[in-house]
Amino acid sequence: MVDSSVLLTIGSVCVGFVLFVTAASGARGRWNRALVIGLFVAAVVFLTAVPLTVALTAGV
């Protein structure tokens, strides 16, 4: 079986990728600037901070 930390990391990266693509689409579509920046920040958190935290707490 796959460990729960691996599943959490994979899920976080998938969510981060979706947020990143949505933010890029919003930037091209001239969405509200604050919304696009917020989506980019959330994408960076899901792509970096969450997997790093999971890795450090899992003892990898």
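All values reported here derive from a predicted model rather than from experimental measurement. For this chain, numbers begin at 1 and follow the sequence in order.
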Please find the pair of heavy atoms, one from Gly16 and one from Ala43, that lie closest to each other, and give the distance.
O-CB, 3.5 Å
Is Thr9 reaching over with its side chain to a backbone N or O of Ser5, donor-acceptor style, under 3.5 angstrom?
yes
From the list Leu19, Val21, Val44, Val18, side-chain contact (heavy atoms from CB on, under 4.5 Å) partner of Leu39 resolves to Leu19
Determine yes or no for a side-chain-to-main-chain donor-acceptor pair under 3.5 angstrom, with Ser12 supplying the side chain and Leu8 the backbone.
no
For Phe40 versus Ala24, what's the shortest heavy-atom pair and its separation?
CZ-N, 4.0 Å
Identify whether Val54 and Val13 are in the same connected component of the hydrophobic contact network (ILVMFWY, side-chain heavy atoms under 4.5 Å).
no
Between Ala23 and Val36, which heavy-atom pair has the shortest distance, and what is it?
O-CG1, 3.7 Å
CG of Leu52 to OG1 of Thr57, rounded to nearest 0.5 Å, is 9.5 Å
What pair of heavy atoms forms the shortest contact from Leu47 to Phe17, and how long is it?
CD2-N, 3.9 Å
Inspect the surroundings of CZ in Phe20 and state if more than 12 heavy atoms from other residues, nucleotides or ligands are less than 6.0 Å away.
no
